[in-house]
2 protein chains.
Amino acid sequence: MEPMTARASIRQQLQRVREEAIVVAVNRLLATKGYDAMTVDEVAAEAGMAKASLYKLFTSKEELAGAAMVAALERALDFVDGLRAEAARSDGAIDSLSQLKAVTRWAMLSQLEGEMPALPSQNSSLSASLQANDAYMDKLIALSNKLGIWIADAQARGKLNPALPAELLLYTLFARACDPVVGMLKASGQYTNKQILDWVESATFNGLAAR
Amino acid sequence: MEPMTARASIRQQLQRVREEAIVVAVNRLLATKGYDAMTVDEVAAEAGMAKASLYKLFTSKEELAGAAMVAALERALDFVDGLRAEAARSDGAIDSLSQLKAVTRWAMLSQLEGEMPALPSQNSSLSASLQANDAYMDKLIALSNKLGIWIADAQARGKLNPALPAELLLYTLFARACDPVVGMLKASGQYTNKQILDWVESATFNGLAAR
DNA sequence: GTCTATATCAAGATAGAC
DNA sequence: GTCTATCTTGATATAGAC
């Protein structure tokens, strides 16, 4: 009996490694080309296996995208939790606005490095399947809740504009994670990543108008 | 000879009407579903003709999209020219920042009404063909130049943040025309169009942070 | 369990009748 | 000039050998 479970465990680990390779490939392709332009052939090639093998682990292209989106949300949640832990250690020296700015910068940097899968534009066939994906929805709601707490706090303290609905603030932060402006500035090739992040952060929180 | 030219002119007008019906249909579909999800069958159905007839007037799906994008840029240029005329009449009472805000609101309202075709996300097969489309590029550059003049003026007068590169300001205004936040707020169904426009305009120019 | 080869299908594009 | 019917292609998904 021991050998059997050991063998099973090894198999599971191998399978897990292959699954992760696939998810990484999907993530990169979603970030660079988007869902529609991504083909399953490309995913298989990049993950180093035949397409049929891939379909043993994931039953559809939509499921592939779902797994990559879940992984991206997990990274975001990890980052947010890291910030919370840091803030707890710093004993109140880090306010919620700084944390929101840090998440925004992290998301934009991920985009610049080709690691942030693009949000499904509404009406895509993808968005329907994502909304039916429990793992995805759970993570999305968890992330929204954690950001929502910071937003409410920042508004209550007068750091974020209290006249704006919290919903708009949340959506805007999500939108920055796949803001085309970031990619356009990078494509122009004249600026460093730090400049781009500083400017877009400034534009997001302080606005385009002079203060 | 007269009858022939008269007949030809009538034919041309009929053709033109049909072309416009097609462009309107493409525009609506691009605004609601995006390029990839839009099918030529849908376009033909919505324009009220067979697909083969449509292909007599436009040689490819990419050309369809190009024509719709050109029409959208022409609407934007018309609106901008209208603002310039108005400002000329008002004798300096309307400053460039107000004009930029007005264009932004107009673009977002067009989006809310399903009349603003979505910008091609980079790396799309569409963006390559658009960059090879002279009519499109001419209008795009013309619009960028006119907005660029307002931007430079507003920065020189200290109305727009002079620390931000003009390129970022321009890209940001274009991005607002297809900002997913606008659609998400509308989808929530709780807000009027005016509220949405006011809030997103405020977020864009004044920032999310309290002033 | 993995791969080669193939089925299936949707969508862009066209032929040919009228 | 317009339409019906068809071609063609590219991509998702699967069958079956090993």
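This is a predicted model, so every value here is computed, not measured.
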>> Could you tell me if B:E167 and A:Q190 have a donor-acceptor pair between their side chains, going purely by distance under 3.5 Å?
In response: yes

>> In this structure, how many angstroms lie between the C1' atom of C:dC9 and the CG atom of B:D41, rounded?
In response: 14 Å

>> Checking B:L197 against B:V182 for the side chain to side chain contact (heavy atoms under 4.5 Å, CB included) test, could you report, in this order, the C-alpha distance in whole Å, the side-chain angles of both residues, the deciding distance, and whether it holds?
In response: CA-CA 8 Å; B:L197 295 184; B:V182 172; 5.7 Å; no

> What pairs meet the ring pair (Phe, Tyr, Trp, His ring centres under 6.0 Å) rule with one or both residues in residues 19-41 of chain A, with sequence neighbours excluded?
Replying inline: none

> Can you list every pair that meets side chain to side chain donor-acceptor pair (under 3.5 Å) and has a residue in residues 125-135 of chain A, with sequence neighbours left out?
Replying inline: none

> Please give, in whole Å, the distance from C:dG12 P to B:L29 CG?
Replying inline: 11 Å

>> Looking at B:T39, I'd like to know whether one of its side-chain N or O atoms comes within less than 4.0 Å of OP1 or OP2 on C:dA11.
In response: no

> In residues 124-134 of chain B, which residues come under 4.0 Å of DNA chain C by heavy atom?
Replying inline: none

Check nucleotides 13-15 of chain D for protein N or O atoms closer than 3.5 Å to its own N or O atoms and list the pairs.
residue	atom	partner	partner atom	Å
D:dA13	OP2	A:Y55	OH	2.8
D:dA13	OP2	A:K61	N	2.8
D:dA13	N6	A:K51	NZ	3.1

> Taking CG from B:L54 and P from C:dA13, how many angstroms apart are they, rounded to a whole number?
Replying inline: 10 Å

> For residues 15-24 of chain B, which residues have at least one heavy atom under 4.0 Å from DNA chain C?
Replying inline: none

>> Rounding to an integer number of Å, can you tell me how far A:L14 CG sits from C:dG1 P?
In response: 9 Å

> CE of B:M38 versus P of C:dA13: gap in Å, rounded?
Replying inline: 10 Å

> Does anything in residues 105-148 of chain B pair up under ring pair (Phe, Tyr, Trp, His ring centres under 6.0 Å), and if so which pairs, sequence neighbours excluded?
Replying inline: B:F79-B:W106

> Whole Å only: how far is the CD atom of A:E63 from the P atom of D:dT12?
Replying inline: 15 Å

> Atom CG of B:D36 to atom C1' of D:dA11: distance rounded to whole Å?
Replying inline: 13 Å

> Could you give all pairs that pass the ring pair (Phe, Tyr, Trp, His ring centres under 6.0 Å) test and reach residues 46-66 of chain A, with sequence neighbours left out?
Replying inline: none

>> Can you tell me how far apart CG (A:L170) and CD1 (A:I151) are? Round to the nearest 0.5 Å.
In response: 5.0 Å

>> Can you tell me if A:K159 has over 12 outside heavy atoms packed within less than 6.0 Å of its NZ?
In response: no

Let me have the donor-acceptor pairs involving side chains of residues 64-77 of chain A, under 3.5 Å, with sequence neighbours excluded, atom names and distances please.
residue	atom	partner	partner atom	Å
A:E74	OE2	A:K139	NZ	3.2
A:R75	NH2	A:N27	OD1	3.2
A:R75	NH2	A:E115	O	3.0

>> How bent is the helix from C:dG1-D:dC18 to C:dC18-D:dG1, measuring the angle between the end axes built from five pairs each, rounded to 10°?
In response: 20°

> Looking at A:A166 and A:Q155, what are the two nearest heavy atoms and their distance?
Replying inline: CB-OE1, 4.0 Å

> Roughly, in whole Å, what's the span from CG in B:L57 to P in C:dT14?
Replying inline: 14 Å

> Taking only residues two or more places apart in sequence or in another chain, which ones pass salt bridge (charged side-chain N to carboxylate O under 4.0 Å, His left out) with B:E63?
Replying inline: none

>> Show me the pairs that pass side chain to side chain donor-acceptor pair (under 3.5 Å) and involve residues 140-154 of chain B, at least two apart or across chains.
In response: B:D81-B:K146, B:S96-B:D153, B:Q99-B:W150, B:D153-B:R157

>> Could you check whether B:E201 pairs with B:R176 (Lys NZ or Arg NE/NH1/NH2 to Asp/Glu carboxylate O, under 4.0 Å)?
In response: no

>> Going by ring pair (Phe, Tyr, Trp, His ring centres under 6.0 Å), name the pairs with one or both residues in residues 168-199 of chain A, residues two or more places apart or in two chains.
In response: A:Y191-A:W199

